[in-house]
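Note sheet for the following structure.
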Amino acid sequence: MYPITFFASIWIARYLGAEGKGVYSYILVITSFFIPIFSLGIGGGFTYYISNKEFNPQEVGFSTLCVGIFIGFINTVLLYLFWRVGFLGEMNDKLTQNQILLLGIVLISNSIFFFLSRLAKGASRFHLLNLLDILKVIMNPIIMITLIYILALRIDGVIYGLVILNVSLALIICIRFFKIYPQLYNINVKFIKKSFKYGIKGWLGDMSVKANVRLDQIILGGVVSATSLGFYSVGVVLAEMLWIIPDSIGPVLFNRIAAEKDLNAKIALTEQIHRLLFSLSFFIALLWVCLCIFIIIPYGYGSEYNESVIPLLILAPGALLYIPAKVITKLLSGSGRILDTSKATAFGSLISIVLYFILIPIFHIKGAAIASSIGYFSVSLFCIYFTKKHFNLSIRKMLILTNDDLIWIKNQYTGLVTALIKKLK
């Protein structure tokens, strides 16, 4: 799905221009920022208690839907209040009341999808989530091109498109999920309480992660300008492409660790996955940055976005050094130590958040990129500290590839090819 998303983002950036792209990015950040922040981490609890089989999806799906609607409504009210009192900064005047209300529909739909997808992750229904992701990627450019370009609605088209897309995805996941898992239509208070108790321990960490990777854009768009955010958001999109493989492996790794009873097996699995991911990502990063600088930015986004090269060069090392945190947190959270995950991400993100407020007003785009990269690396350092403290994770074993790793890769490849051949037959 990433090539389609990537080319669609290039097209939107070229057509809207830097300022319009900045407003577009701000809308996306705001709508994705509210749910993790104001849900108090309960989504993490949903995934955990489904993945460890303490609850099953049949008995808690309806409860999850109700939680999603409730939190979506609360987020809508908060967004409207923030807009009314001018908390959106420079973007406040660029959004009308009707647009804010339409974004409320997006928030409610997104909240429903978010929480039901947490159950699907816990149940390892990755094929369902993959299909929904692919559907989203197909629908998004079609809707956006129709509304933004053909009908020339520009930012209004962006908002209408988000409403259509998110309402559709929310309806589809509800229909599919409840078809797979016939529901007991009652509120499972025990599940909600336990999920909240588990999730609140990780909420600060989730909030810190979200702030670490998105607060820079909110501050940049609200304090500096939409144009600056337009340039910066392109650098962010390109740098975060380095997380495609780690983010794809993350949910599967979490479920494996949560289900594994042998602590030594958990540690060995974490070390091996990190070795492979970090080594692969390092070489991909070198090739990707060169490709972006010499081809993608000048010929894809266009010369207007040449300023995006600087944040990309600053963000890329930080994105690479954030991979340890993406792997290690699965060991911590999957072993029940979600509070340590929360502490590690909170401490590391606090560093970047402080730097955002210091560096962005002075250095603008460069300041945001520097603060983000330092924050990424800080989170990884704190994650390593907590895993060394509780699991005695070996840094050497996390970084140096072994002959067994190469054999393992060969076996995985062979198994994949064999499975594909059988399916084709």
Side-chain angles (χ1 to χ4, degrees), residues 1-35 72 75-76 79-80 82-84 88-114 132-173 214 217-218 220-222 225-238 240 296 300-302 304-305 308:
M1 71 179 188
Y2 278 98
I4 300 175
T5 303
F6 182 61
F7 287 118
S9 71
I10 291 177
W11 176 84
I12 290 172
R14 290 182 70 101
Y15 182 72
L16 292 178
E19 182 177 4
K21 176 63 167 63
V23 176
Y24 174 72
S25 298
Y26 193 83
I27 290 171
L28 292 181
V29 170
I30 284 292
T31 52
S32 65
F33 199 75
F34 270 67
I35 294 173
N75 288 338
T76 300
L79 177 62
Y80 183 77
F82 287 175
W83 177 78
R84 289 291 296 179
L88 303 185
E90 293 291 322
M91 293 291 177
N92 221 77
D93 295 333
K94 298 184 182 296
L95 297 172
T96 66
Q97 178 172 289
N98 288 338
Q99 289 174 333
I100 292 295
L101 293 176
L102 286 172
L103 290 177
I105 298 175
V106 174
L107 286 172
I108 294 172
S109 304
N110 202 2
S111 181
I112 293 170
F113 183 88
F114 176 85
L132 289 170
D133 281 338
I134 292 170
L135 179 62
K136 178 179 179 181
V137 168
I138 294 172
M139 289 177 62
N140 188 52
I142 294 173
I143 293 171
M144 291 301 175
I145 289 173
T146 301
L147 296 176
I148 297 174
Y149 181 69
I150 297 176
L151 299 180
L153 296 176
R154 299 186 70 81
I155 296 303
D156 279 335
V158 170
I159 295 175
Y160 296 150
L162 289 174
V163 171
I164 294 170
L165 183 64
N166 284 276
V167 169
S168 299
L169 290 173
L171 288 173
I172 292 169
I173 195 171
R214 290 293 176 263
Q217 296 187 52
I218 291 178
L220 196 60
S225 68
T227 302
S228 295
L229 177 56
F231 295 140
Y232 182 72
S233 64
V234 169
V236 171
V237 167
L238 296 175
E240 290 184 356
I296 292 175
Y301 287 94
E304 182 184 2
Y305 288 91
S308 299

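Here the straight-line distance linking atom CG of Leu103 with atom CG of Asn75 works out to 12.0 Å at 0.5 Å rounding. Annotation: the span from Ile155 atom CD1 to Thr96 atom OG1 amounts to 11.5 Å, rounded to 0.5 Å. Met139 contributes atom CE, which lies 10.5 Å from atom CG of Leu132 (distance to the nearest 0.5 angstrom). Taken from OG1 in Thr227 to CD in Glu304, the straight-line distance is 8.0 Å, to the nearest 0.5 Å.
For Ser25, the side chain to side chain donor-acceptor pair (under 3.5 Å) criterion is met by Lys21, Ser233, not counting sequence neighbours. Under the ring pair (Phe, Tyr, Trp, His ring centres under 6.0 Å) criterion, Tyr301 pairs with Tyr305, not counting sequence neighbours. Here Asn110 pairs with Ile35, Asn166 under the side chain to side chain contact (heavy atoms under 4.5 Å, CB included) rule; sequence neighbours left out. Every residue meeting the side chain to side chain contact (heavy atoms under 4.5 Å, CB included) condition with Ile105, not counting sequence neighbours, appears here in chain and number order: Leu102, Ser109, Val163, Val167. Applying the side chain to side chain contact (heavy atoms under 4.5 Å, CB included) criterion to Thr76, with sequence neighbours excluded, gives Leu107, Ile108. Partners of Leu147 by side chain to side chain contact (heavy atoms under 4.5 Å, CB included), not counting sequence neighbours, listed by chain and number: Ile143, Leu151, Leu153, Tyr160, Ile164. Residues meeting the side chain to side chain donor-acceptor pair (under 3.5 Å) test with Ser111, sequence neighbours left out: none.
With contacts defined as side-chain heavy-atom distances shorter than 4.5 Å, the pair Val234/Leu238 qualifies. In this structure, Val137 and Asp133 have side chains that are not in contact, with every pair of non-hydrogen atoms separated by 4.5 Å or more.
Screening residues 150-159 for side chain to side chain donor-acceptor pair (under 3.5 Å) gives Gln99-Asp156 as the qualifying pairs, with residues at least two apart or on separate chains.
For the residue pair Trp83 and Leu95, the shortest heavy atom distance occurs at NE1-O, 2.9 Å. Across every non-hydrogen atom of Leu169 and Phe113, the tightest pair is O-CD1, 3.7 Å. A pairwise comparison of heavy atoms in Met144 and Gly157 identifies SD-O, 4.2 Å as the closest pair.
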